Trainee: 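I am attaching a structure below and will ask some questions about it afterwards.
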Amino acid sequence: MDEDFAKWYTDIVKKAELVDYSSVKGCVILRPYAYALWENIQGALDCMFKETGHENVYMPLLIPESLLQKEKDHVEGFAPEVAWVTHGGSEKLTERLCIRPTSETLFCEHYSHVVQSYRDLPKLYNQWCSVLRWEKTTRPFLRHREFLWQEGHTIHETAEEAKAETLQMLDVYARLAEEYLAMPVVKGQKTDKEKFAGAVSTYTIECMMHDGRALQSGTSHYFGDGFAKAFEIVFTGRDNKLSYPHQTSWGLSTRVIGGIIMTHGDDSGLVLPPKIAPVQLVIIPVAMHREGVLEKARELRNTLKAAGIRVKLDDSDNSPGWKFSEYEMKGVPLRLEIGPRDIEAGACVLARRDNGEKAPASLEGIADTVKSMLDAVQAALYAKAKENLTRNTVDARTLDEAKELTKDSAKFVRAMWCGGEACEDAFKEEAGMTSRCVPFEGGGVSGACACCGKQAEKLVYWGVAY
RNA sequence: CGGGGCGUGGCGCAGUUUGGUAGCGCACUUGGUUUGGGACCAAGGGGCCGCAAGUUCGAAUCUUGUCGCCCCGACCA
């Protein structure tokens, strides 16, 4: 995997039966295992959305061209990668319809219909859907043309409320990443160059992959009242005057599955965090046609299932060795072996996917044993990823220093920035790194811009992005 | 958009240089023996070689065109 990370990655997504390619570039088939993973991520996120007062809705797939064009920056940002529907049957349409690349415009149009008074605010909506962006280069999970995501769209009475919402949802993403996906994050704000088309400000969680490169794993945008003005969304305020509301949007996609693979995977395949693994424990019977083995295995499955563990019993005819490899490839966190020897001893063998440790365990209280091991695996994965992040985050006082520090492998470079786009471009051109974010946390490295030497207040995380 | 690679049973590939009845491994089906790190024996089934046109007595192989996929880079919400 360290020799050719890109090849390792594309091999894994195929071998672990996550995806299949379709006949359209960038439109990828999510096989049951990948979809189950996505459903678990969805479940965790959706629950957090509901806890914070959000409601799910569904907007149409198609956006009339005139609607897309209402907000200038937004359309400029997305127009180059929009796909169009031009015909209905054999009839040419009077107006082209775009397949949504994102749904701000649809939400805005709807809000303009349903918001009249401050009493109608806020609206805290989310939708689970797919969007289409005609990307030139594609990679499974990391960059699809069509991809599954959720997009939250909220509208508020005041700017303060909308800003608070933007940051709250960034925190929700950070919690998902760290607590469920075991991916430590750097939270921060995007520079103007990197922010969302049409946003006042964009916030991001940036994760570090095994190879030191950065993956933008979730973004949250504050729109101010720019969209409201463009779409003529107005409401009567508490002061009986007409006002523009303030909006946010935030999104997280199946891209995080790519993040999970590249954060935790190893030479034997996937390694999945227990909290979102479709199968948390696989039972592999050994010499299973012998008297009592399969019966015991089934009994164990039922016991563990009843304890709320996602368990699979593989009673197929493949050899145990084959099954070991198979479930390692698929990243199943725990493996339970049960054979005649174990049954004799009232025990089984438990093996951890993350570190390969294998040890006998008593069948007495097996559910509790498994649960605490799952917790241990979850914690170990986070700790290992955190260690990788820390080890590969370096400080640089100058651009040259940044180049020197990253010449052998990609890293996060913390360096000061004056705020000028020229210096941002220089980093890209000379060091191959883009600004990932201006972090919320962490002190300054120095007082001068690493590029031009002028006075600088902003600390920036620079990195090579996926 | 530039560079490179590749399209041959489900998967991975050989065969193409030098045209002559489409092959190998895995997977699959049936029967049997096995089972603690990708088991073994036996018998089977499955492909008009991405698509189109051309050259030829004859094309997976030569020519032209075309479609698509993968990788690296550039570009990009």
Side-chain angles (χ1 to χ4, degrees), chain A residues 4-11 13-15 17 19-29 68 71 73-82 100-105 131-140 142-145 147 149 151 190-199 202 204 216 218-219 221 249-251 253 255 268-269 282-291 293-294 297 314-330 335-345 347-351 353 356 358-360 425 428-429 432 434 464-466:
Chain A
D4 191 346
F5 196 63
K7 181 166 173 14
W8 171 85
Y9 179 81
T10 41
D11 283 353
V13 297
K14 291 281 282 188
K15 285 192 189 153
E17 298 181 321
V19 304
D20 186 27
Y21 294 110
S22 78
S23 48
V24 179
K25 179 183 169 69
C27 297
V28 171
I29 293 152
L68 186 72
E71 211 286 332
D73 291 340
H74 187 65
V75 67
E76 273 176 16
F78 279 101
E81 52 188 43
V82 156
R100 62 181 168 220
T102 179
S103 305
E104 273 73 13
T105 54
V131 290
L132 191 72
R133 299 177 186 182
W134 213 252
E135 304 282 357
K136 288 175 187 142
T137 52
T138 61
R139 287 188 109 177
L142 302 178
R143 183 150 300 173
H144 290 187
R145 280 181 175 167
F147 58 91
W149 77 343
E151 46 178 327
K190 285 288 185 188
T191 61
D192 282 351
K193 186 179 159 74
E194 297 285 331
K195 77 183 185 190
F196 181 82
T202 288
T204 179
Q216 176 179 304
T219 48
H221 318 289
S249 83
W250 22 277
S253 75
R255 177 179 246 204
S268 304
V282 62
I283 299 174
I284 297 178
V286 177
M288 70 180 182
H289 297 304
R290 291 232 218 120
E291 182 82 26
V293 173
L294 209 44
D314 188 343
D315 56 2
S316 70
D317 282 326
N318 295 309
S319 73
W322 188 91
K323 291 175 189 173
F324 294 169
S325 301
E326 176 69 9
Y327 294 102
E328 277 163 18
M329 176 58 68
K330 292 194 147 187
R335 175 179 81 226
L336 188 157
E337 301 168 25
I338 181 94
R341 289 206 305 252
D342 307 302
I343 295 170
E344 191 85 8
C348 64
V349 171
L350 282 175
R353 174 64 181 87
K358 184 168 160 174
D425 290 343
K428 169 77 185 168
E429 215 150 278
T434 52
V464 182
Y466 267 102

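Quick note on labels: first sequence line is chain A, next is B, and so on, each numbered from 1. These numbers were taken from a predicted model, which means no experiment stands behind them.
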Trainee: For a quick check of understanding: with a heavy-atom distance under 4.0 Å over all strands, which category does Lys358(A) fall into, base, sugar-phosphate or nothing?
Mentor: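 Base contact.
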Trainee: Would the distance check show the side chain of Glu135(A) and the main-chain N or O of Gly26(A) forming a donor-acceptor pair, the cut-off being under 3.5 Å?
Mentor: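 No, the answer is negative, given that no donor and acceptor are paired below the 3.5 Å cut-off.
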Trainee: So Tyr466(A) and Arg143(A), side chain to side chain contact (heavy atoms under 4.5 Å, CB included) or not? Walk me through it.
Mentor: CA-CA 9 Å; Tyr466(A) 267 102; Arg143(A) 183 150 300 173; over 6 Å; no
Trainee: Considering only heavy atoms and no angle criterion, is a donor-acceptor pair shorter than 3.5 Å present between the side chain of Glu104(A) and the base of rA77(B)?
Mentor: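 Checked by distance alone, the answer is no.
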Trainee: Are any non-hydrogen side-chain atoms of Leu142(A) and Tyr9(A) less than 4.5 angstrom apart?
Mentor: yes
Trainee: Just checking Gln216(A): base, sugar-phosphate only, or nothing, at a heavy-atom cut-off of under 4.0 Å?
Mentor: base
Trainee: Measure from CD1 on Ile284(A) to C1' on rG38(B) and round the result to the nearest Å.
Mentor: 11 Å
Trainee: Between rC49(B) and rA14(B), how many Å separate the two C1' atoms, rounded to a whole number?
Mentor: 13 Å
Trainee: Rounded to whole angstrom units, what separation is found between the CG atom of Asn318(A) and the C1' atom of rC28(B)?
Mentor: 12 Å
Trainee: Taking rA53(B) as the reference, what is the distance to rA59(B) when you measure between their C1' atoms (whole Å, please)?
Mentor: 13 Å
Trainee: Go through rG37(B), rU35(B), rC75(B) for me and flag the one nearest to the Lys428(A) side chain.
Mentor: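 Among rG37(B), rU35(B), rC75(B), the one nearest the side chain of Lys428(A) is rC75(B).
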Trainee: When rounded to the nearest Å, what value does the distance between C1' atoms of rU16(B) and rG20(B) take?
Mentor: 14 Å
Trainee: With both distances under 3.5 Å as the test, what is the Watson-Crick or G-U wobble partner of rC24(B)?
Mentor: rG12(B)
Trainee: Go through Thr434(A) and Lys193(A) one step at a time and tell me if the side chain to side chain contact (heavy atoms under 4.5 Å, CB included) criterion holds.
Mentor: CA-CA 10 Å; Thr434(A) 52; Lys193(A) 186 179 159 74; over 6 Å; no
Trainee: Looking across every strand, which nucleic acid part, if any, lies under 4.0 Å from Pro80(A) by heavy atom: base, sugar-phosphate, or nothing?
Mentor: nothing
Trainee: So, do Lys323(A) and Val286(A) sit near enough that their side-chain heavy atoms are less than 4.5 Å apart?
Mentor: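 They are not in side-chain contact.
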Trainee: Just compare rG38(B), rG37(B), rC76(B) and give me whichever is closest to any side-chain atom of Glu326(A).
Mentor: rG38(B)
Trainee: How does each nucleotide of nucleotides 66-72 of chain B score, in 5' to 3' order, for protein heavy atoms under 4.0 Å: base (B), sugar-phosphate only (S), or none (-)?
Mentor: --SSSSS
Trainee: Let me know the distance between CG of Asp317(A) and P of rU33(B), rounded to the nearest Å.
Mentor: 13 Å
Trainee: Hunt down the Watson-Crick or G-U wobble partner of rU29(B), both distances under 3.5 Å, from any strand shown, or write none.
Mentor: rA43(B)
Trainee: Determine the interatomic distance between C1' on rG3(B) and the same-named atom on rG45(B); round to the nearest Å.
Mentor: 44 Å
Trainee: Please tell me which of the listed nucleotides, rC75(B), rG38(B), rG36(B), lies nearest to the side chain of Lys136(A)?
Mentor: rC75(B)
Trainee: Do Asp342(A) and Pro360(A) touch side chain to side chain, with heavy atoms closer than 4.5 Å?
Mentor: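 Side-chain contact under 4.5 Å: no.
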Trainee: What N/O pairs connect the protein and nucleotides 6-13 of chain B at under 3.5 Å? Give each pair on its own line.
Mentor:
none

Trainee: Could you tell me how far rC76(B) sits from rU17(B) if I compare only their C1' atoms? Round to whole Å.
Mentor: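 It works out to 43 Å between them.
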Trainee: Is a side-chain donor-acceptor pair under 3.5 Å present for Glu104(A) with Ser249(A)?
Mentor: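 Present: a donor and an acceptor within the cut-off.
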Trainee: Could you check whether any side-chain heavy atom of Trp149(A) comes within less than 4.5 Å of a side-chain heavy atom of Arg255(A), counting everything from C-beta outward?
Mentor: no
Trainee: Side chain of His289(A) only, heavy atoms from C-beta on: which candidate in rG37(B), rA77(B), rU34(B) is closest?
Mentor: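 The closest nucleotide is rU34(B).
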Trainee: Select one nucleotide: of rC1(B), rA77(B), rG36(B), the one nearest the side-chain heavy atoms of Pro340(A).
Mentor: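 Among rC1(B), rA77(B), rG36(B), the one nearest the side chain of Pro340(A) is rG36(B).
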Trainee: Check whether any side-chain heavy atom of Thr204(A) lies under 4.5 Å from a side-chain heavy atom of Glu194(A), and answer yes or no.
Mentor: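 No; the side chains remain at least 4.5 Å from each other.
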Trainee: Searching all strands shown, indicate the nucleotide that pairs with rC75(B) (Watson-Crick or G-U wobble; both distances under 3.5 Å).
Mentor: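 By the stated definition (distances under 3.5 Å), nothing pairs with rC75(B).
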Trainee: Is the Lys NZ or Arg CZ of Arg335(A) less than 6.0 Å from the centre of Phe324(A)'s six-membered ring, within 45° of the axis?
Mentor: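 Checked: cation-pi criterion met.
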Trainee: Run the salt-bridge test on Asp192(A) and Lys195(A) with the 4.0 Å N-O cut-off and return the result as yes or no.
Mentor: yes
Trainee: Arg341(A) has a side chain; which of rG36(B), rG38(B), rA77(B) sits nearest to it?
Mentor: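 The answer is rG36(B).
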Trainee: Identify the nucleotide, in any strand shown, that forms a Watson-Crick or G-U wobble pair with rC69(B), with both distances under 3.5 Å; if there is none, say none.
Mentor: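 Across all strands, the one nucleotide that pairs with rC69(B) is rG5(B).
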Trainee: If I pick the P atom on rG50(B) and the same atom on rU8(B), what distance separates them, to the nearest angstrom?
Mentor: 6 Å
Trainee: Roughly how many Å apart are rU34(B) and rG47(B), using the C1' atom of each and rounding to a whole number?
Mentor: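 Per the computed distance, 33 Å lies between those C1' atoms.
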Trainee: Say we look at rG25(B) and rG32(B): how far apart would their C1' atoms be, to the nearest angstrom?
Mentor: 24 Å
Trainee: Between Arg145(A) (side chain only) and Cys27(A) (backbone N and O only), is there a donor and an acceptor less than 3.5 Å apart?
Mentor: no
Trainee: Give none if rA59(B) has no partner; otherwise give the nucleotide forming a Watson-Crick or G-U wobble pair with it, both distances under 3.5 Å.
Mentor: none
Trainee: Sort out the partner of rU17(B) for me: Watson-Crick or G-U wobble, both distances under 3.5 Å, none otherwise.
Mentor: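 Checking every strand shown, rU17(B) finds no partner, since no pair has both distances under 3.5 Å.
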Trainee: Which is true for Pro285(A) with a 4.0 Å heavy-atom rule: it touches a base, it touches only sugar-phosphate, or it touches nothing?
Mentor: nothing
Trainee: Rounded to whole Å, please give me the gap between CD in Glu337(A) and P in rG38(B).
Mentor: 12 Å
Trainee: Rounding to an integer number of Å, can you tell me how far Glu17(A) CD sits from rA27(B) C1'?
Mentor: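 Roughly 12 Å, once rounded to whole Å.
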Trainee: Can you tell me how far C1' of rG73(B) sits from CZ of Arg143(A), to the nearest Å?
Mentor: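 After rounding, the gap between these two atoms is 14 Å.
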Trainee: Counting heavy atoms from C-beta on, name the nucleotide in rA77(B), rG37(B), rG36(B) closest to the side chain of Phe78(A).
Mentor: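 Looking only at heavy atoms from C-beta outward on Phe78(A), the closest nucleotide is rA77(B).
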Trainee: CD of Glu328(A) versus P of rG37(B): gap in Å, rounded?
Mentor: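 Between P of rG37(B) and CD of Glu328(A): 12 Å.
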Trainee: Nearest nucleotide by nearest heavy atom, which residue falls closer to the 5' end of RNA chain B, Ala287(A) or Glu429(A)?
Mentor: Ala287(A)
Trainee: For Glu328(A) and Arg353(A), work out which heavy atoms get closest and say how close.
Mentor: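 Answer, listing the atom of Glu328(A) first, then Arg353(A): O-NE, 2.9 Å.
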Trainee: Does rG36(B) pair with anything, Watson-Crick or G-U wobble, both distances under 3.5 Å, and if so, with which nucleotide?
Mentor: none
Trainee: Can you identify which nucleotide, out of rA77(B), rU35(B), rC75(B), has its nearest atom closest to the Val286(A) side chain?
Mentor: rU35(B)
Trainee: Is Gly77(A) touching bases, backbone alone, or none of the nucleic acid, heavy atoms closer than 4.0 Å?
Mentor: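 Sugar-phosphate only.
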Trainee: Checking only heavy atoms, does the side chain of Asp342(A) share a donor-acceptor pair with the base of rG36(B) at less than 3.5 Å?
Mentor: yes
Trainee: Over 60° means perpendicular and under 30° means parallel, so classify the ring planes of Trp8(A) and Phe5(A), tilted if in between.
Mentor: parallel
Trainee: Between Ser319(A) and rA39(B), is there a side-chain N or O to OP1/OP2 distance below 4.0 Å?
Mentor: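 For Ser319(A), the contact criterion (side-chain N or O under 4.0 Å from OP1 or OP2 of rA39(B)) is met.
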Trainee: Could you tell me the separation between the CH2 atom of Trp322(A) and the P atom of rC40(B), rounded to a whole number of Å?
Mentor: 15 Å
Trainee: On RNA chain B, compare the nucleotides closest to His221(A) and Cys348(A); which residue's is nearer the 5' end?
Mentor: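 By nearest-heavy-atom nucleotide position, the 5'-most residue is Cys348(A).
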